[in-house]
Amino acid sequence: MLLPAGCPPTIAASPSVPTLLPHSLLEQRLRQAVLQVLPDARPDGVKVRPCPDPKHGDYQCAALIGLAKEARKNPRELAAAVSAAYAALRAGSGEEGVEAGLQIEIAGPGFLNFRLAPEALLSAVLDASASRFLEPAAAPRTVVVDFSSPNVAKPMHVGHIRSTALGDCLSRVLRALGHRVITDNHLGDWGTQFGKLIVGWKRHLHRDALERDPIAELERLYKLENAAGEADPARLDQARQELVALQAGDPENLAIWREMIRLSQAQFDALYGRLGVTFDHTLGESFYNPQLPGVVESLVSRGIARESEGAVAVFSDHTLPAKEDPFLVHRDGAWADDPALVRKSDGGFNYTTTDLATLEYRIRTWAPEEILYVVDDRQAPHFRKLFQIFRRWQPEAEARTVLRHIGFGKILGDDGKPFKTRSGDTVRLAELLDEAVERARKLVDEKRPELPPETRGEIARIVGTGAVKYQDLLPNRQSDYIFSWDKMLALTGNTSPYLQYQCTRARKVVADGGAVDIAALRGVTPTEPAEVALLKHLLLYGLTLESVAAECRPNYLCNYLYDLAGHYSRFYESCPVLKAPEPVRSLRLALCGFTARVLSHGLGLLGIESPELM
Ligand code: ARG
């Protein structure tokens, strides 16, 4: 799926030399130059990044200003000395590559601006194309990604798209950069709700309804018992007893519970199949049950948790300023305790207890450098407490692992309130995807009536599903966004149908143009500004993925691809491809091919397919 048919053959790079992108090559030499001038400087902070204003150059280094301050030197003088050292090193190395025709300028208070020659830009793009325009991470990390994690016996609803799309995209990007990624779907498959569900199952189950729509039936049972429990304390007590029996391993209750999980898992699998999402593990909360008593004992024996009103809880240790302390809340003008419960007064365990056991297991089993929890922002207080408790409980393990809550906002309707159906119910994910595909189908039917119906159906599936995901990944993840069918399915603007369309257009040109001898393009000089702008943008793909991974922000990739499509459009409008004389024709055809490849690869990392035609 990632490398579409009809693209120019990739050039053979010598496999022993990993291709570095220009910013890395410049950076390497610049660090050497800095060390020659300032032998005590720490070179890691010396970065070469795209120039914020392309008028001033292609790449820029801003680090010398800070280094000059530290070394008490005049920044512009330092920049001049470093630039001279750079030139000498470059002359001494005897190899030119991307630096052939390189211009370095000192600007403003001490910036270094780099401008590549057009031939060198092309040459760098040809090199980069052999390695998908990205660089593998110099220090690959093991990263556990906890995402999606719906609750058993409930339908997946529109809100689940967020954790699922974000987590899947981040996992794909991290993998593409060469990190070792372990995805784990932490299903809510245990907890007090099963008491009510079991009572409901035993009293009111409709077998035929269960067969028709298992999740709807389980939901009905739960709602029924929930209402019954509110009206009648005896029913609530019965639910509690069934829960205790389940926890004690009662065979009948265990069998019912397993059946509920099986039915839910089938629903989840169908949805994940439609979304193209897979997990390495689906351990679920119940997996950690045997560990929970030990977790609480250990917390108590180390003085981290203590008894409080019959329950066991963790309180503030007052090592943090009150404002940053997750175990304190400001209430009525004073700071009050906001403890995390790890055992209830009835002996049951809490969400936090399970998450502590999970954390311990993950670190012991996979030794990750990082764990990402892709969970909505409302759970931020839970994660702040969890991470704090873990630090107090297992300081050595905590020091080796970066724990990050990757939060996100809500999906809103037109009225600015959480997105609901017209009758006020939550929107089921399955129905939402159905509607997206149906609406896409109408558009495809209108635009391409000549295509066979199966082809139109396939395009509609890809476009509709992609539109839902892209709408979700495009906003800054912490902002709420307004759900809009019209916006997400528009063929213009920053949408996935637009990107998919540009991708098929570029592929079409490539298919019409025939094979290109890429090796023959070395030494060709791109002269049109639109060609040069497109080349430069192609070289920023890898850096973009690195910032997506570093900040866990897929929106950077969306915006990069949208800009790429824009550069491509401008290029395509101002530069005829198939009618151009050689070698310009080949150069332009190659540019179409590279654009198509990066667009479809990037969409693929967003978890979005690109159709063959549209
Ligand atoms: N099942 C939880 C919910 O629906 C999300 C679990 C997130 N992951 C975790 N390790 N707590 O709210």
Side-chain angles (χ1 to χ4, degrees), residues 143-168 170-171 181-194 197 215 218-219 222 257 260-261 264-265 267-268 271-272 277 279-289 291-292 295 314 326 340-342 348-366 368 370-391 393-394 397-398 401-411 418 426-429 477 552:
V143 185
V144 174
V145 188
D146 175 326
F147 73 100
S148 198
S149 309
N151 295 329
V152 161
K154 284 193 190 160
M156 276 177 90
H157 57 78
V158 56
H160 288 110
I161 195 75
R162 300 227 69 187
S163 172
T164 309
L166 278 164
D168 182 52
L170 294 175
S171 307
V181 174
I182 297 161
T183 52
D184 185 8
N185 191 359
H186 191 70
L187 287 188
D189 62 356
W190 194 255
T192 44
Q193 72 273 28
F194 286 99
L197 279 162
I215 302 305
L218 291 177
E219 211 187 8
Y222 181 79
W257 170 71
M260 291 181 191
I261 292 188
S264 302
Q265 188 67 54
Q267 178 229 197
F268 298 150
L271 277 167
Y272 292 136
V277 172
F279 297 91
D280 301 316
H281 301 278
T282 300
L283 297 179
E285 295 185 16
S286 65
F287 178 79
Y288 303 96
N289 276 338
Q291 268 65 59
L292 304 184
V295 168
V314 179
L341 294 190
V342 290
F349 298 101
N350 298 73
Y351 188 48
T352 306
T353 330
T354 308
D355 255 328
L356 285 166
T358 308
L359 195 37
E360 205 256 8
Y361 174 87
R362 286 174 176 164
I363 292 184
R364 180 159 39 82
T365 312
W366 298 309
E370 195 169 354
I371 305 181
L372 308 179
Y373 293 85
V374 188
V375 186
D376 79 81
D377 269 334
R378 285 171 306 181
Q379 293 198 26
H382 163 71
F383 285 105
R384 267 189 272 128
K385 285 178 178 159
L386 176 70
F387 299 166
Q388 265 285 325
I389 300 174
F390 195 69
R391 183 173 308 150
W393 183 36
Q394 308 210 5
E398 200 275 341
T401 315
V402 178
L403 305 175
R404 292 171 75 183
H405 172 213
I406 308 304
F408 51 82
K410 295 185 287 293
I411 306 181
T426 46
V427 180
R428 287 197 179 200
L429 188 49
R477 63 178 154 78
C552 296

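Counting convention: from 1, in listed order, for ligands and their atoms alike.
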Item checked: D377/K410 ion pair, N-O < 4.0 Å ->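 Result for this pair is no, no salt bridge flagged.
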### Partner set under ring pair (Phe, Tyr, Trp, His ring centres under 6.0 Å) for Y272, not counting sequence neighbours
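Result, ring pair (Phe, Tyr, Trp, His ring centres under 6.0 Å) vs Y272: F279.
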Just jot down the side chain to side chain donor-acceptor pair (under 3.5 Å) partners of W366, sequence neighbours excluded, or say none.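 In terms of side chain to side chain donor-acceptor pair (under 3.5 Å), with neighbours along the sequence ignored, W366 is linked to no residue.
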- Item | Polar proximity ligand 1 side, S149 side, N/O cut 3.5 Å exclusive |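 Yes; the residue has a nitrogen or oxygen that sits under 3.5 Å from a nitrogen or oxygen of the ligand.
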**Heteroatom proximity flag, E285 to ligand 1, N/O under 3.5 Å** =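 By distance alone, the answer is no.
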Among all protein heavy atoms, pick the one closest to [atom] and tell me residue, atom and distance.
| atom | value |
| --- | --- |
| atom 8 (N) of ligand 1 | D146 OD1, 3.2 Å |
| atom 12 (O) of ligand 1 | Q379 NE2, 2.8 Å |
| atom 6 (C) of ligand 1 | Y351 OH, 3.3 Å |
| atom 4 (O) of ligand 1 | N151 ND2, 3.4 Å |

Nearest 0.5 Å, what's the NE2-CE distance between H160 and M156?
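Taking NE2 in H160 and CE in M156, the distance rounds to 5.5 Å.
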Report the distance from atom CG of D189 to atom OG of S264, rounding to the nearest 0.5 Å.
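Between atom CG of D189 and atom OG of S264 there are 9.5 Å.
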At a 4.0 Å threshold, what atoms of ligand 1 neighbour a non-hydrogen atom of H186?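 Counting atoms of ligand 1 from 1, those under 4.0 Å from H186 are 8 (N), 9 (C), 10 (N).
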ask   = What are the atoms of ligand 1, with element, lying closer than 4.0 Å to any heavy atom of Y373?
value =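 Heavy-atom distances to Y373 below 4.0 Å select 10 (N).
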Ligand 1 versus D355, non-hydrogen atoms closer than 4.0 Å: side chain, backbone, both, neither?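 Side chain only.
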Give the contacting part of F383 toward ligand 1: side chain, backbone, both or neither, where contact means a heavy-atom distance below 4.0 Å.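 Looking at F383 and ligand 1, just side chain atoms fall under 4.0 Å.
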Legend entry - Sub-6.0 Å ring centroid separation between F390 and F383: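 Between F390 and F383, the centre distance exceeds or equals 6.0 Å.
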Open item on the list: Could you go through E219 and K154, starting from their C-alpha distance and side-chain angles, then the distance that decides it, and tell me whether this counts as salt bridge (charged side-chain N to carboxylate O under 4.0 Å, His left out)?
Closed with: CA-CA 6 Å; E219 211 187 8; K154 284 193 190 160; over 6 Å; no
